[in-house]
*Asks:* 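So that we are looking at the same thing, I have put the structure below in structure tokens.
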Amino acid sequence: MKPVLLLLALIGLTWARPQFQHPPQVPQNRPPQFRPVARAPLATILRYNANLGLPTGFSYAVDTSNGISEAVIGNVRNQGTKDESLAVEGQYSYVGDDGQTYLVHYTADENGFQPAGQHIPPAANTRKLGIPSAALASLAGGGLG
């Protein structure tokens, strides 16, 4: 029993060792249309505020060095009933490839995720995807047939 545990511990240590990232070796005879991809610098968190332990919900706000920011408020609706659910309202912004800053305001509740922004077409929120009736029947124990 002890040799098996020792072997498993050694295997676990081997898998847990730091994984060093070496730059990929690019062959010298590569076709001219392929070129190395430039890596973006890692983003750092500039600001992070969070209230996650509230009994009726949560809130947080994050700003990063690459221009991404997000602020979210989540509230529990119908707390203590069978219809209890989480409703989230928030917004995030990011800098697109064209250099413009895009702002998205959204709600996520029993009606799904509903984004809104100047760059998001209005039709994006008009179609409800829902769950197919066969899948609902299967979840309820009725099978797929």
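Note that the numbering runs from 1 along the sequence shown for the chain. As the structure is a prediction and not an experimental result, all values here were calculated from the model.
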*Asks:* Please check if I120 and V95 belong to a single hydrophobic cluster, counting links between Ile, Leu, Val, Met, Phe, Trp and Tyr side chain heavy atoms closer than 4.5 Å.
*Replies:*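 No: no chain of side-chain contacts under 4.5 Å links I120 to V95.
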*Asks:* Crowded around D97 CG? As in, over 12 foreign heavy atoms under 6.0 Å?
*Replies:* no
*Asks:* Look up atom CG in L54 and atom CG in N51, then write down how far apart they are to the nearest 0.5 Å.
*Replies:*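 Answer for the CG-CG pair, L54 versus N51, is 5.0 Å.
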*Asks:* Are Q118 and L103 packed together at the side-chain level, in the sense that at least one heavy-atom pair is separated by less than 4.5 angstrom?
*Replies:*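 Result no, sub-4.5 Å side-chain heavy-atom pair not found.
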*Asks:* Is the Y92 ring parallel, tilted or perpendicular to the Y106 ring (thresholds 30°, 60°)?
*Replies:*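 Ring orientation, 0 to 90° scale: tilted.
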*Asks:* Would you find a donor on one side and an acceptor on the other, under 3.5 Å apart, between the side chain of T107 and the backbone of E89?
*Replies:*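 No, T107 side chain to E89 backbone: no donor-acceptor pair under 3.5 Å.
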*Asks:* Taking the side chain as every heavy atom from C-beta outward, state whether Y60 and I73 have any pair of such atoms under 4.5 Å apart.
*Replies:*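 They are not in side-chain contact.
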*Asks:* Is it possible for you to say whether V72 and L46 belong to one hydrophobic cluster, with membership spreading through side-chain heavy-atom contacts below 4.5 Å?
*Replies:* no
*Asks:* With a 3.5 Å distance limit and no angle check, can you tell me whether Q100 reaches the backbone of G96 through a side-chain donor-acceptor pair?
*Replies:* no
*Asks:* Determine whether F58 and V76 make a side-chain contact, defined as any pair of heavy atoms from C-beta on separated by less than 4.5 Å.
*Replies:*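 A side-chain contact under 4.5 Å is absent here.
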*Asks:* Under a 4.5 Å cut-off applied to non-hydrogen side-chain atoms, are R77 and D109 in contact?
*Replies:*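 Sidechains of D109 and R77: in contact.
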*Asks:* Looking at every non-hydrogen atom in both residues, tell me the closest pair between S85 and E110 and how far apart they are.
*Replies:*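 Heavy atoms only, the tightest pair is OG-OE1, 3.8 Å.
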*Asks:* Do we see a donor-acceptor contact under 3.5 Å between the side chains of N66 and T64?
*Replies:* yes
*Asks:* If you measure only the distance, is there a donor-acceptor pair under 3.5 Å linking the side chains of S93 and S69?
*Replies:* yes
*Asks:* Please determine whether the number of non-hydrogen atoms from other residues, nucleotides or ligands lying under 6.0 Å from atom CG of L52 exceeds 12.
*Replies:* yes
*Asks:* With heavy-atom distances below 4.5 Å as the criterion, would you say the side chains of R47 and V62 are in contact?
*Replies:* no
